[in-house]
Amino acid sequence: SLNEEDSLMITATVTATNGSFVNNTASITSQTAQDGNTSNNSASAFFVVGNADVALTKTVNGSVFNIGASIIYTLTLTNNGPFPAAGFSVSDVLPAGITFTSSSATLGSYSNVTGLWTFGTSTLANGASATLTINATVNAGTAGFTITNNASAISVQGGNNAGNDNASATFKVSGAD
């Protein structure tokens with residue numbers, strides 16, 4: 001029997017073909033003590049069988065901006081395959097000198113608080129791309145600065161080429177404060 005703080009590990013062999021999506025969910029279905037919080041009685045983990053290489057690119061819509069100007073960062077995450085990609089995310093914490101205004105993504109969602117573009121249980125097919133657009137404004141007090149924004153793709157799937165997981169975009173701020 002398990003106590004309140006114990007854990008149980010189950011080891012299994014999964015037979016699946018390359019490119020298959022595997023979702024494993026564990027749930028509490030019977031209990032001897034009253035559970036006051038049933039919202040945490042299940043958990044899931046997923047993965048795609050086979051290797052996938054995700055590659056990240058990033059651009060900004062200009063090379064020189066004035067203070068107060070609107071800027072647009074565009075991030076593109078592409079699956080170079082050979083199989084669907086899953087279990088990936090992108091870290092893009094915006095640098096000092098700009099202020100987030102909005103974002104939109106063709107897949108997943110972006111949090112300007114954490115700087116993470118997450119995809120949940122979504123997969124990205126071999127050869128497919130997802131795009132994130134981040135809108136921001138240039139802050140006062142940055143005249144003459146060069147602002148660089150770095151982003152990194154994070155993949156837990158095998159076969160990823162780390163050499164194409166990092167991207168950056170740079171611009172200069174013109175004028176005087």
Side-chain angles (χ1 to χ4, degrees), residues 7 9-28 37-62 70-137 147-171:
S7 62
M9 181 184 298
I10 299 173
T11 303
T13 301
V14 176
T15 304
T17 59
N18 282 331
S20 297
F21 180 81
V22 178
N23 185 19
N24 179 27
T25 301
S27 300
I28 297 173
N37 182 7
T38 58
S39 66
N40 62 359
N41 287 357
S42 68
S44 296
F46 71 96
F47 62 94
V48 173
V49 177
N51 295 334
D53 173 33
V54 293
L56 182 65
T57 60
K58 180 175 195 158
T59 61
V60 64
N61 65 320
S70 296
I71 62 170
I72 302 170
Y73 290 112
T74 303
L75 290 82
T76 303
L77 187 69
T78 302
N79 178 9
N80 292 329
F83 297 106
F88 50 89
S89 60
V90 173
S91 174
D92 186 358
V93 177
L94 296 180
I98 63 171
T99 299
F100 174 85
T101 56
S102 67
S103 65
S104 64
T106 60
L107 184 68
S109 61
Y110 176 75
S111 167
N112 66 299
V113 174
T114 63
L116 287 176
W117 178 19
T118 56
F119 299 88
T121 58
S122 297
T123 59
L124 195 58
N126 178 18
S129 295
T131 302
L132 169 66
T133 302
I134 300 173
N135 299 292
T137 56
I147 297 177
T148 300
N149 184 358
N150 299 305
S152 298
I154 304 159
S155 176
V156 296
Q157 195 169 352
N160 192 49
N161 171 9
N164 59 15
D165 288 352
N166 300 302
S168 63
T170 300
F171 66 89

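These numbers come from a predicted model, not from an experiment.
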Checklist entry - Hey, which of N149, T148, I147 is the one that makes side chain to side chain contact (heavy atoms under 4.5 Å, CB included) with T170? => result T148
Item to check | Separation of I154 CD1 from S89 OG (nearest 0.5 Å) | outcome: 4.0 Å
Item to check | Pairs where residues 111-125 contributes a residue and the test salt bridge (Lys or Arg N to Asp or Glu O under 4.0 Å) is met, not counting sequence neighbours | outcome: none
Next on the checklist: Determine whether S155 and D165 satisfy the following criterion, side-chain contact (heavy atoms from CB on, under 4.5 Å), listing intermediate values before the conclusion.
Outcome noted: CA-CA 9 Å; S155 176; D165 288 352; 5.5 Å; no
Next on the checklist: If you apply the rule side-chain contact (heavy atoms from CB on, under 4.5 Å), what do you find for S104 with T133, and how did you get there?
Outcome noted: CA-CA 5 Å; S104 64; T133 302; 4.0 Å; yes
Checklist outcome for this item: Between the CZ atom in F88 and the OG atom in S122, the distance rounded to the nearest 0.5 Å is 7.0 Å
Checklist entry - Taking it one step at a time, do S109 and T118 satisfy side-chain contact (heavy atoms from CB on, under 4.5 Å)? => result CA-CA 6 Å; S109 61; T118 56; 4.0 Å; yes
Item to check | Straight-line distance of T78 OG1 to N126 CG, nearest 0.5 Å | outcome: 11.0 Å
Checklist entry - Of all heavy-atom pairs between W117 and A105, which one has the smallest distance, and what is that distance? => result NE1-CB, 3.7 Å
Item to check | Listed once per pair and sorted, the salt bridge (Lys or Arg N to Asp or Glu O under 4.0 Å) pairs that draw on residues 83-95, sequence neighbours left out | outcome: K58-D92
Next on the checklist: Using 0.5 Å steps for rounding, measure from the CG atom of L75 to the OG1 atom of T131.
Outcome noted: 9.0 Å
Checklist entry - Are the side chains of N164 and N80 in touch, meaning some heavy atoms are under 4.5 Å apart? => result yes
Item to check | Single hit among T114, N112, V113 for side chain to side chain contact (heavy atoms under 4.5 Å, CB included) with Y110 | outcome: N112
Item to check | Set of residues satisfying side chain to side chain donor-acceptor pair (under 3.5 Å) with respect to N161, sequence neighbours excluded | outcome: none
Checklist entry - Which pair of non-hydrogen atoms, one from F119 and one from A130, has the smallest distance, and what is that distance? => result CE2-CB, 4.2 Å
Checklist entry - With S152, which residues qualify under side chain to side chain donor-acceptor pair (under 3.5 Å), at least two apart? => result N166
Checklist entry - How close do L124 and S129 get, heavy atom to heavy atom, and via which atoms? => result CD1-C, 3.9 Å
Checklist entry - For F171, what residues pass the ring-ring contact (aromatic ring centres under 6.0 Å, His included) criterion, not counting sequence neighbours? => result F65
Next on the checklist: List the residues meeting side chain to side chain donor-acceptor pair (under 3.5 Å) with T106, not counting sequence neighbours, and say none if there are none.
Outcome noted: none
Checklist entry - Can you name the closest pair of heavy atoms from A169 and T59 and give their distance? => result CB-C, 3.9 Å
Item to check | For V90 against A151, the heavy-atom pair lying closest together | outcome: CG1-CB, 4.4 Å
Item to check | side-chain hydrogen bond (donor to acceptor under 3.5 Å, both in side chains) assessment of N135 paired with T101 | outcome: CA-CA 5 Å; N135 299 292; T101 56; 5.2 Å; no
Checklist outcome for this item: All heavy atoms of L77 vs all of A153, minimum pair found to be CD1-CB, 3.9 Å
